[in-house]
Amino acid sequence: MRTAVIVFPGSNCDRDAAHALTMVTGKQPAMIWHRATEMSTVDLIVLPGGFAYGDYLRPGAMAARSPILRAVRDHADKGGLVAGICNGFQVLTESKMLPGVLMRNAGLKFICKSVELKVARADTPFSNKYDEAASIQIPVAHHDGNYFAQADELERLEGQGQVVFRYCDNPNGSLNDIAGILNEAGNVLGMMPHPERAMGQNGDQGDGQLFFKSLLDAVG
Amino acid sequence: MTQAQIITDEMVAEHGLSSDEYRILCEHLGRTPNLNELGICSVMWSEHCSYKSSRIHLSKFPTSGERVICGPGENAGVIDVGDGDVVIFKMESHNHPSFIEPYQGAATGVGGIMRDVFTMGARPIALLNALRFGEPDHPKTRSLVTGVVAGIGGYGNCVGVPTVGGEVNFDPGYNGNILVNAMCVGLTRTDHIFYSAAKGVGNSILYVGARTGRDGIHGATMASTEFDDDSEAKRPTVQVGDPFTEKRLIEACLELMATGNILAIQDMGAAGLTSSSIEMADKGGVGIEIDLDRVPQRETDMTPYEMMLSESQERMLIVLKPGTETQSRQIFTKWELDVALIGKTTDTGRLVLSHKGETVCDLPIAPLCDLAPKYDRPWIETPPAPVLEYGDLPDRDAVSVLSQLMSCPDMASKRWVWEQYDRHVMGDTLFASASGSDAAIVRLHDSEKGLAMTSDCTPRYVKADPFTGGKQVVAESWRNLIASGADPIAITDCLNFGNPENPQIMGQFVRAVEGMAEACTALEFPVVSGNVSLYNETNGVAIPPTPTVGGVGLIPDLAQRAGYFGACEGDSLYLLGPTAGWLGSSLYAREIEAMRDHAPPPVDLELERKNGHFVTEAIRAGLLHAVHDLSDGGLACAAADLAIASQIGISLETHDSLPNHGWFFGEDQARYLVCLPASRLEKLQKLADKADVLLTFVGEVGGKDITLGSARMNVTELTRKWEQWLLEYMESKHANGS
Amino acid sequence: MKAIVHIALKPGVLDPQGQAITGALHSMGFDEVTDAQQGKVIELDLQGVDRVAAQERVEAMCSKLLANTVIEQFSVEIVD
Amino acid sequence: MKAIVHIALKPGVLDPQGQAITGALHSMGFDEVTDAQQGKVIELDLQGVDRVAAQERVEAMCSKLLANTVIEQFSVEIVD
Ligand SMILES: Nc1ncnc2c1ncn2[C@@H]1O[C@H](COP(=O)(O)OP(=O)(O)O)[C@@H](O)[C@H]1O
Ligand SMILES: [Mg+2]
């Protein structure tokens with residue numbers, strides 16, 4: 001599987017994502033600078049976590065206007081896989097590749113902890129290795145993970161089964177306990193929790209590995 | 001030169017120089033300085049930059065060792081961790097700014113200490129912070145905690161370096177002066193260490209990072225004077241941090257370092273452009289010429305004085321190899337950072353500044369550094385503290401005492417704090433604040449080696465007996481590293497004290513340093529970097545003496561890391577080391593009997609060594625399920641930590657000759673609690689006999705209760721109380737309007 | 001020329017910051033406050049454009065970057 | 001009654017947000033923007049106070065909670 005990680009000024013989980021991808025695919029991802037306007041063909045693009053542009057103005061807002069986003073969009077339009085993790089999820093909503101927004105956490109504080117997620121859909125390229133309705137343990141670390149969408153949008157999202165991960169114990173006020181969603185076409189996913197931090201190397205259960213293995217499986 | 005301004009006595013005083021210091025300065029110069037020069041000299045000779053009150057005592061620290069590559073004197077200390085890897089670390093205070101503006105003060109403290117580490121070529125891999133606040137009921141405390149914690153998280157989280165450990169304490173002694181000490185640990189290779197000594201003549205000086213504004217002018221002098229009720233007026237000098245710029249600065253500097261273009265590099269810390277340029281020149285034995293018109297400026301009409309004294313954050317100074325200017329600039333442009341060639345190294349040994357075509361400063365560099373005043377300030381020994389006889393204290397129900405201690409502000413869980421810190425970014429954190437280990441542990445990337453880190457200080461001991469307290473601080477740091485499975489290597493420190501012009505305070509300082517030095521020598525645990533913060537005093541009331549120590553150790557094989565979360569049903573508990581039941585200056589005395597300032601527990605460094613080495617051996621032999629050092633609250637609190645972290649019951653037996661308070665809560669040093677299955681007892685006892693250490697059976701693991709003698713309490717209930725205090729305190733509404 | 005952009009949450013969008021402010025004010029005894037909303041102001045210094053063009057350009061900046069129109073509404077005011 | 005509170009950084013205080021916004025607008029082709037500053041507006045709904053009292057009370061709220069007077073300045077406007 002060929003993969004790429006987009007690097008924005010302020011990305012800080014880019015290396016972590018690259019490490020996880022290398023672990024699972026056996027190949028290092030291409031690291032693509034946000035000013036690039038084109039990139040070679042890959043199977044999966046990861047928008048990593050971090051604080052692109054310091055999260056100034058709104059998290060993800062300025063990154064979503066980076067030159068590379070056009071290439072990311074083209075890739076997605078052709079059916080290529082895109083995974084936005086944490087700040088990457090914020091970039092995807094800000095660029096309207098995913099519906100809704102991620103607002104300040106309900107408690108107004110940054111939250112870093114391991115949370116339990118329910119796998120709401122185990123038939124997507126991002127989750128096919130999980131059991132349907134499985135409970136998994138993945139860490140969150142964010143200040144703005146409170147998912148919001150207008151009522152009609154939310155209804156559509158739920159109606160079309162676009163929610164992939166839900167919090168079992170909602171840490172941030174997200175509507176419908178949403179932790180991760182897909183676009184309508186099913187090839188772009190955004191999630192606040194960090195699967196790359198749960199690779200089983202640091203005394204954790206390794207529940208994040210199956211996320212990357214799902215992608216490997218989907219690409220074939 | 002600009003026309004000579006008349007320097008009045010008032011101007012000299014405003015710059016914090018004594019009239020003697022000013023006279024000496026004029027002698028070195030052979031003339032009177034102009035205002036720019038006065039400003040520059042005054043910050044160089046401030047306590048903060050010159051260490052004038054502390055230097056002669058700091059030289060008592062052992063600073064070398066087998067693994068020490070660079071001790072104090074550079075931006076941070078460097079130690080060898082094998083296989084070509086080196087670890088660079090330092091701790092620094094940001095006390096005064098954090099009291100005035102907690103969010104920005106703490107944030108810029110974190111930013112500043114990271115720059116000290118990446119300046120030397122290391123990528124920061126871990127942050128710690130030691131925080132001391134006033135009593136919880138003080139009207140300012142809650143908002144200070146809120147702001148400081150948010151500031152530390154706001155900066156470290158954004159830059160993307162995990163905050164893995166630290167300490168938070170509350171004491172009325174900090175009501176008027178909180179302490180914010182931040183530590184940064186970085187990693188690089190042996191052949192990728194960068195130093196600050198400017199080299200050669202005619203080499204370009206590159207300014208990179210944020211533009212210079214009028215912020216923090218006179219921050220260094222501010223950190224060197226006491227607060228009084230007029231401090232409000234000094235407020236606008238607080239700087240604002242920009243972690244996004246810092247993050248780019250780290251990446252850009254590391255990228256430039258990889259090119260080999262750098263001859264010397266130095267961050268602009270306290271006293272900004274002044275101290276960075278002068279220190280680089282002084283260390284390299286060269287002169288420096290700067291054209292101030294080329295300094296990137298954020299505001300209009302900045303004067304030379306303002307530019308030289310500004311403490312704008314996120315700036316660095318670099319001396320480049322000739323011919324590499326264009327390539328070097330491009331790297332910073334790519335990262336959208338300001339970059340400018342502002343001057344050259346010279347052979348004059350002087351700092352020459354030009355502005356709008358005029359020379360506005362022309363100073364000899366050496367006197368500003370080497371000839372800075374050095375004081376052997378008068379000091380007096382702290383009078384010996386009375387010994388607290390435990391026979392004088394009433395007997396109390398051990399379990400309700402335990403519950404009270406575990407939920408007191410100093411012991412209660414700090415979850416509210418550390419959940420706001422990103423502890424896992426970079427993907428190498430094994431143990432952070434929550435993990436039930438005496439030290440934080442971070443993997444050296446892509447290896448099976450780990451670094452253990454801890455920050456410690458028990459100010460109540462230091463206050464009662466600075467010498468013993470100083471020894472204890474170092475011993476506790478060492479013990480914490482041992483208990484996590486590490487080989488302790490070296491420390492950094494942050495010496496927070498009151499006004500050194502007061503002989504009592506100076507006495508605390510001198511004796512604490514001597515105690516620390518003795519322990520460092522005995523434990524082969526040298527000091528490789530540090531910082532001194534004096535004048536932590538408001539209206540004549542000084543903080544308790546607080547020499548914080550940041551210890552670093554190496555875990556050669558992460559499979560052998562240790563913690564206190566692994567206790568299993570049926571395990572036996574053994575206490576390592578002798579117990580006299582020492583309650584003087586203990587947590588028990590303070591919290592339960594409201595008794596302070598009795599003689600603290602003696603520190604036997606030979607015993608520390610012996611017991612510590614035995615623990616290392618037992619851990620590496622794979623004998624232990626859990627291990628925990630004994631500190632605040634003694635045996636019972638250590639057992640409670642173990643029970644909470646492992647979520648299992650523990651029963652401790654009473655002692656046949658010691659009373660319950662001394663046995664359960666005494667704070668005798670050099671002790672550890674170890675937990676293992678019965679099947680491994682024989683092996684452990686054999687090791688103990690060989691090592692000649694005292695191992696005492698104290699209890700068992702199992703069930704759901706913590707039991708002290710015959711009294712018991714449910715572990716879930718104890719956990720709840722321990723978790724609850726800080727959450728409730730912080731969430732309870734702003735009762736005091738702050 | 002200067003443009004002042006006001007950005008506020010659309011009605012109906014839950015405002016955790018506003019709620020926190022109300023709560024904090026109440027606990028400090030400012031009971032007269034019944035509700036609070038927090039918004040942003042962005043002041044832009046502009047050069048080389050006239051008023052009409054400025055209005056149009058700044059509106060474009062808002063919808064393209066400064067506001068997230070899923071939850072925010074904006075207004076632009078051109079001064080001097 | 002309503003109070004509108006404007007909070008802005010004091011002159012000379014570093015405004016990283018404003019700098020980043022300027023940079024982003026430039027890279028999107030909005031070159032006419034020479035500088036940007038970001039501030040806050042807080043709208044308060046008030047009950048049971050008259051104009052004069054309101055002004056005074058809201059100023060107290062600002063200096064005690066809403067603004068960080070170390071680095072921020074505020075202005076209060078009472079509207080109804
Ligand atoms: N208490 C101390 N113990 C050991 N070294 C110290 C101590 N205080 C300062 N130093 C050393 O003195 C030098 C100057 O420190 P400092 O002025 O804090 O550096 P910087 O200008 O980089 O902030 C550093 O090398 C530091 O490690
Ligand atoms: Mg430095």
Side-chain angles (χ1 to χ4, degrees), chain B residues 97-105 107-108 111 139 143 146-147 150-151 154-155 158 209-217 231-248 297-302 306 310-315 335-338 733-734 736-738, chain D residues 3 5-49 53-76:
Chain B
S98 301
F99 188 72
I100 294 172
E101 208 313 271
Y103 185 99
Q104 296 298 344
T108 52
S143 64
T146 305
Y155 206 100
C158 180
R211 277 177 254 167
T212 297
R214 289 196 174 87
D215 23 33
I217 292 172
S231 297
E232 301 273 313
K234 293 178 186 159
R235 281 186 153 189
T237 59
V238 171
Q239 317 101 10
V240 168
D242 179 1
F244 173 53
T245 295
E246 177 102 339
K247 166 69 177 168
R248 288 177 293 151
Q297 293 158 50
R298 197 174 81 226
E299 298 180 68
T300 47
D301 301 325
M302 289 194 65
E306 289 170 332
S310 161
E311 292 192 353
S312 291
Q313 302 289 299
E314 294 97 19
R315 302 178 300 161
W335 286 95
E336 297 169 38
L337 291 161
D338 275 289
K733 293 302 176 196
H734 307 248
N736 299 301
S738 50
Chain D
V5 177
H6 279 255
I7 299 168
L9 286 177
K10 287 183 178 169
V13 175
L14 175 71
D15 178 13
Q17 304 232 33
Q19 289 187 348
I21 292 170
T22 314
L25 287 172
H26 285 176
S27 67
M28 293 169 71
F30 292 110
D31 295 319
E32 64 269 45
V33 177
T34 56
D35 200 9
Q37 298 96 39
Q38 180 170 329
K40 283 186 263 194
V41 213
I42 299 171
E43 274 192 42
L44 301 170
D45 296 335
L46 303 172
Q47 209 162 46
V49 275
Q55 177 80 30
E56 198 177 302
R57 295 280 287 176
V58 175
E59 282 180 10
M61 296 176 204
C62 285
S63 45
K64 287 198 179 144
L65 177 76
L66 303 178
N68 176 351
T69 51
V70 180
I71 51 175
E72 294 173 330
Q73 57 193 19
F74 61 86
S75 67
V76 174

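Convention: sequence-line order gives letters A, B, ...; per-chain numbering from 1.
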Determine all donor-acceptor pairs shorter than 3.5 Å in which one atom belongs to a side chain in residues 38-49 of chain D; sequence neighbours excluded.
from	atom 1	to	atom 2	distance (Å)
E43(D)	OE1	K2(D)	NZ	3.3
D45(D)	OD1	K2(D)	NZ	2.7

Engaged part of Q19(D) at the chain B interface, taking heavy atoms whose separation is under 4.5 Å: side chain
Could you tell me which residues satisfy salt bridge (charged side-chain N to carboxylate O under 4.0 Å, His left out) with D31(D), sequence neighbours excluded, listed by chain and number? none
Looking only at heavy atoms, the pair that brings V240(B) and L14(D) closest together is O-CD2, 3.4 Å
Closest-packed option against chain D by number of heavy-atom pairs under 4.5 Å, given E336(B), R298(B), R211(B): R298(B)
Could you pull out the closest heavy-atom pair between I71(D) and Q104(B), with the gap in Å? CD1-CG, 4.2 Å
How far apart are the closest heavy atoms of P16(D) and G241(B), and which atoms are they? CG-O, 4.1 Å
